[in-house]
**Student:** 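First the structure, which I've put down as structure tokens, then a few questions once you've had a look.
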Amino acid sequence: MGHPVTTNPLIIMMINMTVVFVVLVSLSVLINLIHMVDPTKKPEVKEDEGEAETAAIVSKLQAEPKIEPEPAPIVEEGIPPEVIVAISAAIACCGISGNVRAVRVVNNNKSAWRQNALNSGLTNV
């Protein structure tokens with residue numbers, strides 16, 4: 001009773017491979033069954049209904065009044081508009097709503113990091 005049924009590695013491999021493939025096939029059948037019975041699947045729309053919906057949406061969008069964009073903010077000399085747009089996008093990503101009214105360049109010669117480096121004796125700053 002305590003002896004193994006077989007010690008042949010090829011037979012053990014074949015049994016293990018069979019078990020693995022049976023499990024994979026059963027999982028595939030289960031997934032296909034779930035896709036057929038899926039209650040969250042959206043109902044299929046006929047082509048005529050889809051075209052009618054598209055036409056209704058287009059007509060609704062054409063009927064809405066056009067919204068004029070706000071005038072661009074005044075940009076100081078030396079700051080390209082792309083930088084202003086990037087700053088505005090970064091502020092919007094943080095969750096802050098509003099308009100950027102002015103952007104100014106900070107004097108980099110007197111920044112705290114630079115002053116600290118100068119005070120510590122670094123000469124390549």
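Numbers here simply count residues along the sequence, with the first being 1. No experiment lies behind these values; they were computed from the predicted model shown.
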**Student:** Indicate if Ile96 and Ile87 have the same hydrophobic cluster label, given that clusters are the connected sets of ILVMFWY residues with side-chain heavy-atom separations under 4.5 angstrom.
**Tutor:** yes
**Student:** Same cluster or not: Leu33 versus Val23, using hydrophobic residues (I, L, V, M, F, W, Y) connected whenever any side-chain heavy atoms lie under 4.5 Å apart?
**Tutor:** no
**Student:** Tell me if a side-chain donor or acceptor on Ser26 pairs with a main-chain N or O of Val22 at a distance below 3.5 Å.
**Tutor:** yes
**Student:** Report yes or no: do Val19 and Met14 belong to one cluster of Ile/Leu/Val/Met/Phe/Trp/Tyr joined by side chain heavy-atom distances under 4.5 Å?
**Tutor:** no
**Student:** Give a yes or no on whether Phe21 and Leu10 share a hydrophobic cluster (residues Ile, Leu, Val, Met, Phe, Trp, Tyr; joining criterion: side-chain heavy atoms under 4.5 Å apart).
**Tutor:** yes
**Student:** side-chain hydrogen bond (donor to acceptor under 3.5 Å, both in side chains) with Asn16: which residues, sequence neighbours excluded?
**Tutor:** none
**Student:** Calculate, to the nearest 0.5 Å, the distance between atoms CE and CG belonging to Met13 and Asn8 respectively.
**Tutor:** 9.5 Å
**Student:** When rounded to the nearest 0.5 angstrom, what is the spacing between CD1 in Ile34 and OG1 in Thr40?
**Tutor:** 10.5 Å
